[in-house]
Structures are given as C-alpha cells and as structure tokens.
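The structure appears below as structure tokens.
Just so it is clear, the values below take in all heavy atoms, side chains as well, and ignore hydrogens, waters and symmetry mates. Keep in mind that this is a model prediction, so the values were computed, not measured. Throughout, a chain's letter reflects where its sequence line sits, starting with A, and its residues are numbered from 1.
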Amino acid sequence: MTNLQTKKEPGSVKDIKSARFAAMTGNNAIAEAMRQINPDVVAAYPITPQTEAVEEFADFVANGKVKTEYVAVESEHSSMSACIGASAAGARTITTTSSAGFALMWEMLPIASGLRTPIVMYVANRAFSAPLNIHCSHDDTMGGRDTGWIQLYSENAQEGYDNMIQAIRIAEDQSVRLPVMVCLDGFIISHSVERVDLLDDETVRKFIGENKPPYHLLNVAKPITIGACALQDYYTEHKRQHSEALINSKDKILQVADEFAKISGRKYGLFESYKLDDAEYGLVIINSAAGVAKMVVDDLRGKGVKAGLLKPRVYRPFPGKEIRDALKHLKAIAVMDRVDAFGAGRTPTFTEVASAMYGLEKQPLMINYVYGLGGRDIRLEDINNVYEKLMDIAKKGKVDKVFDYLTVRE
Amino acid sequence: MALSLKELSKKEELFSSGHRLCAGCGAATTMRQIMLATEDPVVISTATGCVYVATATYPYTAWKCNWIHSAFENSAATISGVEAAYQSLKRQGKIDKKIKFIAIGGDGGTYDIGLQSLSGALERGHNFLYVCYNNEAYMNTGIQRSGATPLGASTTTSPAGSASYGKKVFRKDLTAIVAAHNIPYLAQTTPAHWRDLMGKVQKALAVEGPTFLNILAPCHRGWRVEMKDSMKLARLAADTCYWPLYEVENGQWKLNYTPKEKKPVTEWLKPQGRFKHLFSNPEYQKVVDRLQETVDKEWAALLKKCVVESKPPETETKTAPARDVC
Amino acid sequence: MKKQMTRKEMPLGTVIDSPGCSREYKTGGWRNLIPVRNAEKCTNCLICWIYCPEGCIKVKDGKITEIDLDYCKGCGICAEECPVKGKAITMVEEKKEN
C-alpha cells in the first residue's frame, strides 16, 4: 500500500510552515494527534489493535508532554461513561477502542450522543467474535453507525491523523456538539509504518481552538441537570433535535475541511472521488482497501478501461445526495464492505448507496460484495475480478446475483 | 457545621419538593439529609433507579446542584470522569472553586450491575463519595431480588410459593467488599439515624480520596409495610443488629451505635409483608433461625473488628426528642 | 406545570437549566390523609422536618410555620415519628372536592 496520498491542494505540503514528516504506524499517528490536541481528559482501556495508541499516550502523560488527566478505567463501558462525565463537565475528552471494547461501550454510545457530549473516539476497526479474531473487519463501527455519532473513516495513517484533528473542531462546534468517531483499519493501518506529514504543535493548537461548552457540570453559578428521563411527552423532540444536528453537521464538516486544507495542504471532502468523473465502472469501498483498489483503477485506466472509485469518508451523516450525484452516470457499481449484515442479504454500505440512488430515472446496475473479513488480505487480482464482473454485467445489461462473498472457500 | 436541626433548618434545601418518589420513601428522606449535610458545592451522578426516574423527569428536576445521569451500572464511572475533568481543569487554572463529587446508586446499581464500575473508581482513588441507598431489591422496576435482598424475602423474581420460601441465598456483604479496597472512609447508616447519616456524609466529603456510605433506605412498597413506618423499620434494622451502624476509617473499624437491648430479628421481620410466609408456615421457622444465627454471627464478628466504640463525628445534642438516637 | 417546549426551544442534550424546578410539579394531589398539627402541643423539635421525604414542613427561626400541602403526599411519617406524648401531628381523612 504505497502512494496513497489524498488529493493535494494547489501548492504542496512543502509550502506549509514548519511541516515535518515521520514514519509512523496508524496508532503512532493517532497518538501524535492526541498529544498535539492535548485533551483535558482521556479515559481509555487497552484492546488490540488500538492498545499501542493508549500506551503511547500514557507515555506522553508520564513524561509531562500533555496536561491531560488520564483515567485508566477498568473497562470500555467505564471509559465511555467517564468520557461522558468528563465531557459534560466541560473537558475536551478523547477515548480509543476496537471491536469487543466498542461492543462493551455500546450502551453508552447513544447516551454520549444523546447528551450531546463532544467526545472524540479513535476506533481501530477489528472483527467481532465468535470466532475470536483480532484483525480488521468493520463490524464494530458499522454496527454502531446509528448510535447518533458522526463517523469519519480513514484510508491510511495520514488520514487518521488528519481526521482526529478535524474531529475535535467538528465535535465541539457550537452548531454541532456531537461525538465523533475516527475509524481506521486495525493492523492493516494501525500497525503498518507509513510516511505521515505532521503539523506543528502551535498550528494544531490554533486550529482546534478552545472548547466552549454552552453548559457544564462544573459551573457552580449555573447548575444544570443533564440526563433526565424524557417520556412520551418529550422523547420525540429530543430525538428530532439530535437528528437535525447530525444532518446539519455536514456543512460544518466541509467548512472544517476547507480550513484544514489551508493549514495542511490536504483537502478532504465527504468522500474521495478517484477518477470517477468519466468512469463507467466504479467501486464504493471504505478505508485501507481503497488504496489497493486505486492501484487497480490506475492499471485498468492504462488499458483503456474507464474505471473509478468512491471512498466514503463521512459515513454519518451519510452524504446520500452527493454520492448519488457522483455515481449516477456509471454503468455498473460494486459496493464492497468489510462486514456482513447477517440476514439482510446486503451489506450496510450497499443499503445506503442503493437508498441514495432511489428515484433516479436511469439507475446504474449494482452489485454487493463482502470482502476481507477478519483481516483477510484483498489482492490486486481480487479487485480486478470485481471490475471484470462489472464490465460483464454492464455488457449483459442485468445483474444475476446482487450479493456475494469475495474470496471465500465455498 | 453544627448538626442541630434548628441550624440545619436554616439551610437551603438542595433536594426540592415536587419529586415523584413514593409517599413515605426512605430514599427521599435519605437524599434530603445528604443534601442538607453538604457544605461545598457538589456535582452528583445518579444511577438509573427510583431516585433517578423520580427526581429528574424532563423538563423537571428536583436537584439544585449540578447533576448527571448517564446509565444504570456506571454511576461511579461517570462521576470519575467528572472528577477527572475537575482535576485537569483545576491544574490548568481554569477552575478555582472547591467542588465535591457524589455518586448515588440503589442496591441494584451498586451491589449488582454497578459493582465493577464502583470497584474500578475506588481503586483509582478518585476524590468522591459513593452513596448506596439500599432498599434491598430492584424497587424501581417492581421489587425484583438483588444481591442485597435478605434470605427468605419474597420478591417478584424470588417469590415465596408452595415450593419456595423466597430468596434462597444470603445478601452479600457489600460494605465489607468496599472495605477490602482500603479506601480512607466508609460506613453504614440509615436515615432514621439522621445525625449519624449526616455526620458521616460530612466526614466522607472532608476526606481526600474515595469514600462510601451504605444507607439502608426502607421501601414500604417492596417491604410490604405501611408508608408511615419507613423510619421505624430502619431503626429496627439497627436495633436488631441486622444493619449495624459502623464506620471504617483508615482501616480502623468503629461501631457507632450499640442497641441498649439487642432485639430479636423477628421484630424487624414480622412487620414486613415480604417475610410473612416465613411465619405462616412452621417449616420455615428454620429460615428465621438461620437469619437470626447469621445476624448473631455477623454482629459478633463486627464487634471483634470494632476495637473502638465511637460516637459519630458531630455530637452536639438538640433538645432531647426520644427518637433522636445517635 | 411547564408549557411544553418545541425541539427548538429545548436546550441541547436533555439539559434542564432551571435547578429545583420540580417545585412546579405539585404532588399534593397524591394524598389521602392530611397531617394536622397542634401548634400548642408542638415542641418544635423538628424531628418531623428532618424525616419528611418531601421537605414540605416549613420552618422559620427554628419554629414550624406550616406544612406545605402543595407537596405533602400524606405518608404520615411526621405523625408517626412525632416524639411528643399524645402527638402534635395527627393524620386525618382529607375531605376532597368531587
């Protein structure tokens, strides 16, 4: 997985003051972002493959590199609970997890978002048990996509680092006040060394600014009650308020991306379009596998095949309209997920994309693959086979099998 | 401050009227007494349970202090986050006020589902007081048995029937479990012993580090007694030595109340409908006997641990009402 | 009772920013029995005050001024716990309209 930089703005990173770069794993890059963010509170519990990030951050605390109060909790349920308490008390708060840890804190995820606590969480995506597997699937965050959080996905360590810094700004914005999870692929990215361009500390500090909570628990002069029960008379209004905030956060995410481009030279959007404008055959694929797929796209383009790719970055709020506009001219699309939605016969991203395409007069043909479960490698030839399948169904004008597993021993 | 009722009655009530706890609720009296005992501003986290649902029903709140609920099993974890935020912001000079932290949970939220979160927060040494209002079952959801429910009690998930005398096992000794964390201060009390309770709240809040109070707070609905009798039942629990009032301060166990005459446990059991079946079926006399034996054994063990007998911290007396026991 | 807010009027994230506003929710209607206090017998020991679950016994300068019937749920703890011989508070059937 090389040469996977996101699109550069005119000019290059060389123009950015004090920029530096380093060889880092995904976990290193996240820990470095956390050091630069310098949060008031981190409450986290170690779990493979995220562990290295919290270990490294604990080291920053132990050496006085950050002002953070580090709460070494006894479980992920308590890490998210403590983060909710800290964030409700006005502290800038970060946590990290993976897989089973994500599942254990699950109960607290909609509570964090429902209480509008702007926590930022790094998730190194990992498969759910059983059978136990420590490698990458998107079971955790795809399962948690409807817990009311903003979700940002990251192809590589660079994007993970950049997303963490932007996540703070997005979460704490007065118009948003929602928690954000930053996801990258466990082991494949969390443990692979890549070049990461880093901002200097002062630039990050200025970019993220101060957290200014409208209410908090340590304001003795203005006591609040937060987390009251709301029954038939108020529950719906709370959910509607939350839903609106999440949908409206899209504009803020783009605004923060624009500002981030100014300090970094790296421009982010709701998703990355790769050679899509004139494409006939496209993949929709999230995180690290998009890197492999881009190499296949380049190869196919060299052979005259109009291949392209769309890599979602912002999954919640889901940019359905924008994705539809980016994909509607294609002949055939394969939506690929590193997760199955058991019994649905379609994976989560297929459902989202198909729903976004609903109502188009002329819809592209669409197929759906489950791939790469539990860290199974996805090879160039696997992706190439998918494009060949797309060319085949475009030629036939029909799809005979919408849903399938890729690279499975039947 | 002096624990005289006259002086206390001048304080602002931080736990307001208009809450929806049952008439005669022992936990409601407990909450009032806790809040009246506080001196510095407090932030409270409350576990899901009676006190939660009845005091914070949107858009109403009975709390005049900063207050948070996030879930059932995590009152201690939630307050540990609030306290960590306080430590961090104070160290950075962003906050200068002295603030105290209290986590509240029922016996369900403390003995059972919240035990891990409590243990973790105690071990980490956060500066907070954990209060368990123990009414000996899941009362909020309709009287299901908990780890605090006594042997022989009939609850909706340990009902007495033709083949059962109710709960088959003893309650766990949570106060001793907490004591094993070697925290600087912990105690047992009841709201009927208001001076003991409020003195212990003040003592706990004055200590640096985690502290814990296990407060027996009768629930007349679950115990099947008359609502006027909540305080009477709490007093009987102490007088029968079923619920001794003691404290553990820096590892030293101290008894705070010795009944003039140790009453038989049946005096506490008999008024309660949840134990009625034990007295209508002669076969179940053995359960009553086991309860008495256990109380005797635990009381004797406690006396051994309590090398010092002490009065609670504040002993100023008020004009002599007979019930103002300690 | 509070006027029902719309989602736009509600503070973010379930925050209630009026401390102690449960006082707007009157619980006196729950009551069947009403406490009647005999001021002559009452020694103002304030035992009823400290045990009342509702905080509805009003005290000024150490003397009971009234029992706030807006909140009294009629549990009878005040009468039960009253240490005065012959009781300074008794619970009586409340005559309700309708």
Checking heavy atoms, do the side chain of [X], its backbone, both or neither come under 4.5 Å from chain A?
X       : answer
B:Gln92 : side chain
B:Thr78 : both
B:Ile68 : both
B:Glu73 : side chain
B:Lys94 : side chain

Could you have a look at A:Leu231, A:Val71, A:Thr93 and say which one has the most heavy-atom pairs with chain B under 4.5 angstrom? A:Val71

When A:Ala72, A:Ser79, A:Gly90 are compared by non-hydrogen pairs under 4.5 Å with chain B, the top option: A:Ala72

Compare every heavy atom of [Y] with every heavy atom of [X], then report the nearest pair and how far apart it is.
X        : Y        : value
A:Gly227 : B:His69  : O-ND1, 3.3 Å
B:Trp67  : A:Thr225 : CE3-CG2, 3.3 Å
A:Ala230 : B:Tyr58  : CB-CB, 3.9 Å
A:Pro223 : B:Cys65  : CB-C, 3.6 Å
B:Ser70  : A:Met108 : OG-CE, 3.5 Å

Would you indicate whether B:Lys172, at its atom NZ, is surrounded by more than 12 heavy atoms from other residues, nucleotides or ligands within a distance under 6.0 Å? yes

I'd like to know whether CZ of B:Arg171 has more than 12 heavy-atom contacts from other residues, nucleotides or ligands below 6.0 angstrom. yes

Checking an interface table here. Which of [range] come within a heavy-atom distance under 4.5 Å of chain B?
range                       : result
residues 166-180 of chain A : none
residues 50-67 of chain A   : A:Lys67
residues 207-215 of chain A : A:Glu210

Determine all donor-acceptor pairs shorter than 3.5 Å in which one atom belongs to a side chain in residues 97-106 of chain A; sequence neighbours excluded.
residue	atom	partner	partner atom	Å
A:Thr97	OG1	A:Phe102	N	3.4
A:Ser98	OG	A:Ala124	O	2.7
A:Ser99	OG	A:Ala127	O	2.6

Under 4.5 Å heavy-atom distance to chain B, tell me which part of [X] shows up: side chain, backbone, both or neither.
X        : result
A:His216 : backbone
A:Ala112 : neither
A:Met80  : neither
A:Leu218 : both
A:Ser87  : neither
A:Leu115 : side chain
A:Ala43  : neither

Heavy-atom pairs under 4.5 Å with chain A - which of B:Tyr86, B:Tyr52, B:Trp63 has more of them than the others? B:Tyr52

Against chain A, work out which of B:Pro41, B:Ala84, B:Ser119, B:Ala121 has the most heavy-atom pairs shorter than 4.5 Å and name it. B:Ala84

Test log, rule side chain to side chain contact (heavy atoms under 4.5 Å, CB included), inputs B:Arg124 and A:Val73: CA-CA 8 Å; B:Arg124 291 192 298 273; A:Val73 283; 4.0 Å; yes

Gap between atom OG of B:Ser80 and atom CD of A:Glu69 - 0.5 Å precision: 10.5 Å

Separation between OG1 (B:Thr61) and CD1 (A:Ile226), nearest 0.5 Å, reads 12.0 Å

Report yes or no: does A:Asp40 contribute a side-chain atom to a donor-acceptor pair with the main-chain N or O of B:Leu89 at less than 3.5 Å? no

Decide yes or no for B:Ser117 and A:His77: does some side-chain heavy atom of the first lie under 4.5 Å from some side-chain heavy atom of the second? no

Audit row: A:Glu74, B:Glu123, side chain to side chain contact (heavy atoms under 4.5 Å, CB included) steps and yes/no: CA-CA 9 Å; A:Glu74 83 294 340; B:Glu123 185 259 340; over 6 Å; no

Determine the sole option in A:Ser78, A:Ser75, A:Ser81 for which the side-chain hydrogen bond (donor to acceptor under 3.5 Å, both in side chains) test with B:Asn74 is passed. A:Ser81

